[in-house]
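What follows is one structure encoded as structure tokens, with my remarks underneath.
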Amino acid sequence: MSSGWSWYISIIALANILACVWLIRWTAKKRPGEAAEHETTGHEWDGLQELNRPMPRWWLWLFYITIVFGLIYLVLYPGLGSYQGLLGWSQYGAWEEEVESVEERVAPLFARYADMSIPELAEHEEAMQTGRRLFGNNCAVCHGADGGGRVGFPNIANNSWQWGGSPEEIHKSILDGRRAVMPPLGAALGDDGLEEVTAYVFNLSGRDAPEELVQRGQQRYQSMCMACHGADGQGNKAMGAPNLTDDNWTYGGSLEAIKTSIRDGRQGRMPPQKDLLGEDRVHLLAAYVYSLSSHLREEEDAGDDSGEEAASEQEQARND
Ligand code: HEC
Ligand code: HEC
């Protein structure tokens with residue numbers, strides 16, 4: 001606040017209080033006896049006359065008390081322009097204190113899970129209820145309430161991971177965030193090259209494409225894509241290059257969407273949560289994300305892939 005405004009506000013505030021004092025003294029002066037006992041204001045309704053009498057004393061004292069209260073308040077708290085008040089109270093400080101006290105109460109809630117391993121926590125019902133709430137508040141905007149993702153935001157409830165699905169890898173994805181870089185390759189490929197390699201990628205995930213396009217596309221793939229997406233298209237977790245052979249697509253699996261990914265590139269960014277949520281919450285969230293796909297992992301371990309098939313069908317429906 002500029003000092004001009006500060007003075008302006010202070011003077012108006014004090015002038016108002018002085019005006020109140022003056023007004024009270026003025027009305028208090030006319031005690032009965034000075035004027036005629038029954039002087040009227042001249043107002044009359046249905047035979048009732050309004051008498052001109054001073055305010056009762058107890059009423060005046062209430063006014064004086066409020067004025068004294070106001071003055072003490074203005075000395076202790078900020079109210080006069082940029083004057084901070086003797087107590088140094090501020091709205092921001094009060095808010096910070098409140099956040100701190102909530103954090104103090106809540107932090108132990110998360111801290112008691114810090115020593116448990118992520119797979120252990122994923123089986124812990126109470127911890128996972130808390131995890132679900134945290135996920136709803138902090139992650140669902142991008143990844144969806146069920147972690148199923150949407151265009152541009154990966155599904156993290158299945159077993160197809162860009163950066164890895166181990167407890168440690170999931171934890172790192174959340175704590176430090178991730179930045180993926182798929183370079184735009186349209187110019188390097190040219191129109192024909194783009195058609196061919198698109199057909200090849202389309203075919204990689206088990207769908208039909210013209211044979212000769214696929215064959216030429218494969219050569220292009222080997223020279224331009226293999227370094228990142230792997231010889232067989234399984235992806236590379238070190239750089240977040242996704243598996244191109246499954247039917248899990250972050251940016252859509254239609255011919256058009258795949259072509260756009262290749263031509264224009266993609267730069268997905270997972271925001272780091274370390275400073276936003278802190279280590280203990282991230283630990284719990286990692287366990288929650290891990291738990292979202294644990295039923296798929298178990299089925300895989302048991303050699304039963306029917307669950308996975310059901311999940312693929314869902315996936316297919318989402319991508320269509
Ligand atoms: C420098 C490494 C790199 C190269 C080279 C590269 N990619 Fe990628 N690609 C990535 C990364 C990383 C992503 C993930 C981008 C993201 O998540 O935002 C990706 C994403 C994609 C996607 C989108 C997948 C989805 O889930 O929607 C397609 C399709 C794709 N790449 C195809 C190709 C093809 C075809 C080539 C070769 C012509 C190629 N990429 C070359 C790193 C690379
Ligand atoms: C602003 C949107 C946004 C928010 C909020 C967000 N994410 Fe992400 N997240 C992304 C994007 C985009 C990616 C993909 C990055 C890439 O292209 O590699 C991602 C990737 C991930 C991955 C790695 C997935 C893989 O396949 O390896 C995990 C795990 C993850 N997020 C968990 C979370 C959790 C838990 C939260 C909540 C604390 C969260 N995300 C909040 C956008 C978001």
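Throughout, residue positions are numbered sequentially from 1 according to the sequence presented. Atoms within each ligand, like the ligands themselves, are counted from 1 in listed order. Fair warning: this is a prediction, and the values are worked out from it, not measured in the lab.
For atom 19 (C) of ligand 1, the closest heavy atom belonging to the protein is M182 CB, 3.3 Å. The closest protein non-hydrogen atom to atom 34 (C) of ligand 2 is C139 SG, 3.4 Å. Protein heavy atom nearest atom 26 (O) of ligand 2, with residue, atom name and distance: Q162 N, 2.7 Å. Counting only heavy atoms of the protein, atom 17 (O) of ligand 2 lies nearest to G268 CA, 3.2 Å. The protein heavy atom nearest to atom 12 (C) of ligand 2 is R269 O, 3.3 Å. Distance from atom 4 (C) of ligand 2 to its nearest protein heavy atom, with residue and atom name: C142 SG, 3.2 Å. If you check which protein heavy atom lies closest to atom 27 (O) of ligand 2, you get W163 N, 2.8 Å. In terms of protein heavy-atom proximity, atom 13 (C) of ligand 2 is closest to P154 CD, 3.4 Å. Of the protein's non-hydrogen atoms, the one nearest atom 25 (C) of ligand 1 is T250 N, 3.4 Å. Of all protein heavy atoms, the one lying nearest to atom 37 (C) of ligand 1 is C225 SG, 1.8 Å. C228 SG, 2.8 Å is the protein heavy atom nearest to atom 1 (C) of ligand 1. Shortest contact from atom 18 (O) of ligand 1 to any protein heavy atom: Y251 OH, 2.5 Å. What sits closest to atom 24 (C) of ligand 1 on the protein, heavy atoms only, is P242 CG, 3.8 Å. Looking at atom 29 (C) of ligand 2, its nearest protein heavy atom turns out to be S173 CB, 3.8 Å. Atom 41 (C) of ligand 1 has its closest protein heavy atom at L185 CD1, 3.5 Å.
Classified by interplanar angle (parallel below 30°, tilted 30° to 60°, perpendicular above 60°), the ring pair W59/F63 is perpendicular. Using cut-offs of 30° and 60° for the angle between ring planes, the H229 and Y221 rings count as tilted. Ring geometry for H143 versus F153: interplanar angle over 60°, hence perpendicular rather than tilted (30 to 60°).
The proximity of P183 to ligand 1, defined as any non-hydrogen pair under 4.0 Å, is limited to the side chain. No part of T198 comes within 4.0 Å of ligand 1, judged by heavy-atom distances. Residue contacts with ligand 2, taken as heavy atom pairs separated by less than 4.0 Å, involve P271 solely via side-chain atoms from C-beta onward. With a 4.0 Å heavy-atom cut-off, ligand 2 is reached by the side chain of V289 but not by its N, CA, C or O.
Proximity to L285 (heavy-atom distance under 4.0 Å) selects the following atoms of ligand 2: 38 (C). Close contacts between ligand 1 and V201 involve ligand atoms 35 (C) [criterion: under 4.0 Å to a heavy atom]. Close approach of ligand 2 to G152 is summarised as follows: ligand atoms under 4.0 Å from at least one heavy atom of the residue are 12 (C). Numbered from 1 in the order shown, with element, the atoms of ligand 2 that lie under 4.0 Å from a heavy atom of W161 read 25 (C), 26 (O), 27 (O). Ligand 2 places these atoms under 4.0 Å from at least one heavy atom of A180: 16 (C), 17 (O), 18 (O). Each of the following atoms of ligand 1 lies closer than 4.0 Å to a heavy atom of V181: 10 (C), 11 (C), 12 (C), 42 (C). Counting atoms of ligand 2 from 1 in the listed order, those under 4.0 Å from a heavy atom of Q273 are 38 (C). Numbered from 1 in the order shown, with element, the atoms of ligand 2 that lie under 4.0 Å from a heavy atom of F153 read 2 (C), 12 (C), 42 (C).
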Before giving the answer on side-chain contact (heavy atoms from CB on, under 4.5 Å), spell out for V99 and W95 the whole-Å C-alpha distance, their side-chain angles and the decisive distance to 0.1 Å. CA-CA 6 Å; V99 168; W95 175 76; 3.7 Å; yes
For a side-chain contact (heavy atoms from CB on, under 4.5 Å) check, start with the C-alpha distance between Y64 and I24, then their side-chain angles and the critical distance, and finish with the verdict. CA-CA 8 Å; Y64 283 127; I24 294 168; 3.7 Å; yes
Candidate pair E126 and R112, rule salt bridge (Lys or Arg N to Asp or Glu O under 4.0 Å), full reasoning: CA-CA 12 Å; E126 194 191 314; R112 70 197 158 111; 3.1 Å; yes
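Shown here is E44, whose CD atom has more than 12 heavy atoms of other residues, nucleotides or ligands within 6.0 Å. In Y8, the OH atom is not crowded: 12 or fewer heavy atoms of neighbouring residues, nucleotides or ligands sit closer than 6.0 Å. The environment of CG in N16 is crowded: more than 12 heavy-atom neighbours from other residues, nucleotides or ligands sit within 6.0 Å. Other residues, nucleotides and ligands contribute at most 12 non-hydrogen atoms within 6.0 Å of the CZ atom of R179. Within 6.0 Å of the CG atom in N137, the count of heavy atoms belonging to other residues, nucleotides or ligands exceeds 12.
Salt-bridge annotation for E212 and R216: present, with a side-chain N of the basic residue lying under 4.0 Å from a carboxylate O of the acidic one. For the pair R281 and E103, the salt-bridge criterion is met [side-chain N within less than 4.0 Å of a carboxylate O].
Heavy atoms of G240 stay at 4.0 angstrom or farther from ligand 2. Ligand 2 does not have G177 within reach: every non-hydrogen atom of the residue lies 4.0 Å or more from it.
Relative to atom 23 (C) of ligand 1, the option among G217, A238, S261 with the closest non-hydrogen atom is S261. Closest to atom 7 (N) of ligand 1 by heavy atom, among H229, K259, M239, is H229.
Using a cut-off of 2.8 Å, one finds that M270 contributes an N/O/S atom close to atom 8 (Fe) of ligand 2. Atom 8 (Fe) of ligand 2 has an N, O or S atom of H143 under 2.8 Å away, backbone or side chain.
Donor-acceptor pairing under 3.5 Å is lacking for the side chains of E104 and S101. Side-chain contact, N158 with S160: no donor N or O sits under 3.5 Å from an acceptor N or O.
The closest donor-acceptor contact from the side chain of E169 to the backbone of S166 lies under 3.5 Å. Proximity of a side-chain donor or acceptor of Q49 to a complementary backbone N or O of G47 within less than 3.5 Å is not detected.
The six-membered or imidazole ring of H124 lies near that of Y113, with a centre-to-centre distance under 6.0 Å.
Residues T198 and E195 have side chains not in contact (no heavy-atom distance under 4.5 Å, counting atoms from C-beta outward).
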